[in-house]
> 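This is the structure I want to talk about, given as structure tokens.
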There are 2 protein chains.
Amino acid sequence: MPDPSPSSRAKLLDVAEQLFASRGYAAIGVSAVAGAAGLGKSSLFHHFPSKADLYATVLVRVVERIEGQVLPALVAIGDPAHTLDRVVAAIIDVLAEHPTSARLLLRSVFEDDDEDVIAASAASGVNERIAAILDKVSAVIEDGVAAGVFRPVSVPDLLQTVVGATVFHFASGDFGEALFRAPIFSAEAIARRKRELQILLQQGLAPAVRP
Amino acid sequence: MPDPSPSSRAKLLDVAEQLFASRGYAAIGVSAVAGAAGLGKSSLFHHFPSKADLYATVLVRVVERIEGQVLPALVAIGDPAHTLDRVVAAIIDVLAEHPTSARLLLRSVFEDDDEDVIAASAASGVNERIAAILDKVSAVIEDGVAAGVFRPVSVPDLLQTVVGATVFHFASGDFGEALFRAPIFSAEAIARRKRELQILLQQGLAPAVRP
DNA sequence: ACCTTACCCGACCGATCGGTCGGTCAGCAA
DNA sequence: TTGCTGACCGACCGATCGGTCGGGTAAGGT
């Protein structure tokens with residue numbers, strides 16, 4: 001019991017985020033969510049009009065957290081190489097802060113969901129907000145290529161690689177921990193992940209030295 | 001209609017792979033699978049003892065396809081840099097060949113599934129077979145570091161990056177296609193993906209030039 | 001002709017799904 | 001006290017879930 005009275009609605013959002021992240025939308029029933037929040041199923045429908053709406057609200061919360069941490073890193077200060085470093089660090093930080101974020105994002109990306117779910121999440125505009133962030137990251141890479149601090153690359157490919165290397169990593173859960181034989185979300189693991197990815201990108205994107 | 005009479009059982013596996021990949025285990029009912037295969041629900045249970053067993057069988061088929069293509073690339077011929085190139089190409093080829101593979105893999109990795117599903121897939125040993133492949137990839141990287149053709153890296157981190165950059169990419173579906181504004185599984189897109197990732201890795205892993 | 005076997009189906013089972021409904025209860029303003 | 005309101009719940013709804021059962025049908029062996 002961490003909080004005395006987290007307003008029930010917030011508690012529902014918390015447990016729903018946790019449950020949806022671990023087992024997916026279809027596998028989690030509304031009574032399971034309500035029960036985990038210490039409420040009856042009917043009380044859940046007092047706070048949210050439908051299961052799909054609850055899920056969409058959870059997604060919006062996650063996207064807002066990401067925006068709050070990644071957008072500040074995207075203001076163009078310093079050369080694109082430093083900006084990219086900051087962005088990668090920000091993405092890793094925000095995904096590491098809430099272990100559920102990466103999984104939820106991953107699911108929302110490649111889950112051809114239930115019809116009312118895609119309707120609800122489309123109405124909340126989460127996809128567009130994610131796309132907006134990625135567009136800005138693309139712009140940073142393009143700037144770097146144009147300025148000659150990065151070698152020419154396929155920007156969408158690099159973006160996919162960065163997203164895969166960050167989101168997938170923190171979404172990998174038991175699989176990742178089995179691979180590392182150590183926790184993924186420890187402070188050292190997070191710092192190492194940041195360092196390894198930044199070095200790989202900086203060195204892998206360096207322009208060819210012209211003799 | 002590719003095949004005149006694919007033995008019903010194979011047809012069931014095909015449509016189940018497609019459906020499970022697109023919407024996940026919990027979201028797909030057995031009657032939907034059977035119906036898509038042109039059969040009644042009862043007929044599905046004539047071929048498979050349970051839904052979980054059907055899913056596990058689908059997973060095994062996917063893992064076998066991957067083994068068949070990636071393991072040959074892992075025989076140590078040439079230096080580790082070339083081997084890694086071959087492995088990356090093999091992974092991309094096998095994931096691109098069947099658009100369902102990457103999604104199924106991703107789900108099996110981070111889906112804290114239903115209890116009988118984890119039991120069935122544990123009995124089929126798919127996790128161990130995936131782990132065995134990744135262990136061999138790890139060995140290649142370690143050899144490269146030991147031989148000095150790669151700079152020192154955190155091997156699990158690099159492995160996570162490679163898996164994320166390949167599996168996530170081909171599992172991203174509509175999201176990825178929206179990002180590229182072009183199909184992901186076209187021959188050109190696959191070739192480009194291969195090239196971009198190989199260059200990024202080779203250059204990013206090159207040891208520092210000693211003055 | 002008979003029996004077996006493989007394959008398939010419709011009807012049905014209990015459980016659970018998302019969601020509704022009527023109503024209880026505490027707090028608060030008048 | 002009275003009346004109202006937001007939070008909450010138990011009981012219930014039709015639909016669908018995974019799975020069972022008995023029976024039907026065609027092929028093949030003897």
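Per chain, numbering begins at 1; letters A, B, ... match sequence-line order. What you are looking at is a predicted structure, and each value in this text was computed from that prediction instead of being measured.
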> Could you tell me the separation between the CG atom of B:D116 and the P atom of D:dG18, rounded to a whole number of Å?
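Interatomic distance, CG of B:D116 to P of D:dG18: 11 Å.
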> Rounded off to whole Å, could you give me the CG-to-P distance for the A:L19 and C:dC17 pair?
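In whole Å, C:dC17 P and A:L19 CG are 12 Å from each other.
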> Rounded off to whole Å, could you give me the CG-to-P distance for the B:L54 and D:dG19 pair?
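In whole Å, D:dG19 P lies 10 Å from B:L54 CG.
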> Can you list, pair by pair, the side-chain donor-acceptor contacts under 3.5 Å of residues 115-122 of chain B, counting residues two or more places apart and other chains?
from: B:S121; atom 1: OG; to: B:V117; atom 2: O; distance (Å): 3.0
from: B:S121; atom 1: OG; to: B:I118; atom 2: O; distance (Å): 3.4

> Do any pairs count as a salt bridge (charged side-chain N to carboxylate O under 4.0 Å, His left out) and have a residue in residues 176-193 of chain A, sequence neighbours left out, and if so which ones?
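Sorted pair list: A:R192-B:D157, A:R193-B:D157.
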> If the sugar-phosphate is the primed atoms plus P, OP1 and OP2 and the base is the rest, what is the B/S/- string for nucleotides 20-28 of chain D, using protein heavy atoms under 4.0 Å?
BB-------
> Compare the minimum distances between each of D:dG18, C:dC9, C:dG19 and the side chain of B:S43, then state the nucleotide with the smallest one.
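Of the candidates, C:dC9 comes closest.
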> Give me each pair satisfying salt bridge (charged side-chain N to carboxylate O under 4.0 Å, His left out) with a member in residues 160-173 of chain A, each pair once, sequence neighbours excluded.
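Counting only pairs at least two positions apart or across chains, no salt bridge (charged side-chain N to carboxylate O under 4.0 Å, His left out) contact touches residues 160-173 of chain A.
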> For A:D114 and D:dC17, give me the distance from atom CG to atom P, rounded to whole Å.
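Whole-Å distance recorded here is 11 Å.
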> Identify each donor-acceptor pair in which a side-chain atom of residues 134-141 of chain A lies under 3.5 Å from a protein atom, sequence neighbours left out, and give them as a table.
from: A:S138; atom 1: OG; to: A:L134; atom 2: O; distance (Å): 3.1

> Could you go through the side-chain hydrogen bond (donor to acceptor under 3.5 Å, both in side chains) check for A:D93 and A:Q69 one step at a time?
CA-CA 8 Å; A:D93 279 333; A:Q69 210 141 341; 4.9 Å; no
> List for me each residue that meets ring-ring contact (aromatic ring centres under 6.0 Å, His included) alongside A:F180, sequence neighbours excluded, and say none if there are none.
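A:F180 satisfies ring-ring contact (aromatic ring centres under 6.0 Å, His included) with A:H169 once adjacent residues are dropped.
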> To the nearest angstrom, how far is B:L12 atom CG from C:dC7 atom C1'?
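So the CG-C1' distance, B:L12 to C:dC7, works out to 12 Å.
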> With respect to the phosphate group of D:dC8, does any side-chain polar atom (N or O) of A:H47 fall under 4.0 Å of OP1 or OP2?
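Yes, A:H47 has a side-chain N/O under 4.0 Å of OP1/OP2 on D:dC8.
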> Could I get the full list of side-chain hydrogen bond (donor to acceptor under 3.5 Å, both in side chains) partners for A:H46, not counting sequence neighbours?
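Residues passing side-chain hydrogen bond (donor to acceptor under 3.5 Å, both in side chains) with A:H46: none at all.
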> Under 3.5 Å between N/O atoms: give me all the protein pairs with nucleotides 3-6 of chain C, atom names plus distance.
none

> With the threshold set at under 4.0 Å for non-hydrogen atoms, list the residues of residues 25-39 of chain A touching DNA chain C in residue-number order.
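DNA chain C contact set from residues 25-39 of chain A: A:I28, A:G29, A:V30, A:S31.
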> Taking salt bridge (charged side-chain N to carboxylate O under 4.0 Å, His left out) as the cut-off, I'd like each qualifying pair that reaches into residues 30-57 of chain B, sequence neighbours left out, listed once.
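Qualifying pairs: none.
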> Between A:K11 (NZ) and D:dC8 (P), how many Å, whole number?
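Rounded to whole Å, this separation is 12 Å.
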> Taking the side chain from B:S186 and the backbone from B:A189, do they hold a donor-acceptor pair closer than 3.5 Å?
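Yes, B:S186 side chain to B:A189 backbone: donor-acceptor pair under 3.5 Å.
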> How would you list, by chain and number, every residue that makes a salt bridge (charged side-chain N to carboxylate O under 4.0 Å, His left out) with A:R65, sequence neighbours excluded?
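Partners of A:R65 under the salt bridge (charged side-chain N to carboxylate O under 4.0 Å, His left out) test: A:E17.
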> Could you list the residues that satisfy ring-ring contact (aromatic ring centres under 6.0 Å, His included) with B:Y25, not counting sequence neighbours?
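Per chain and number, B:Y25 pairs via ring-ring contact (aromatic ring centres under 6.0 Å, His included) with B:F20, B:Y55.
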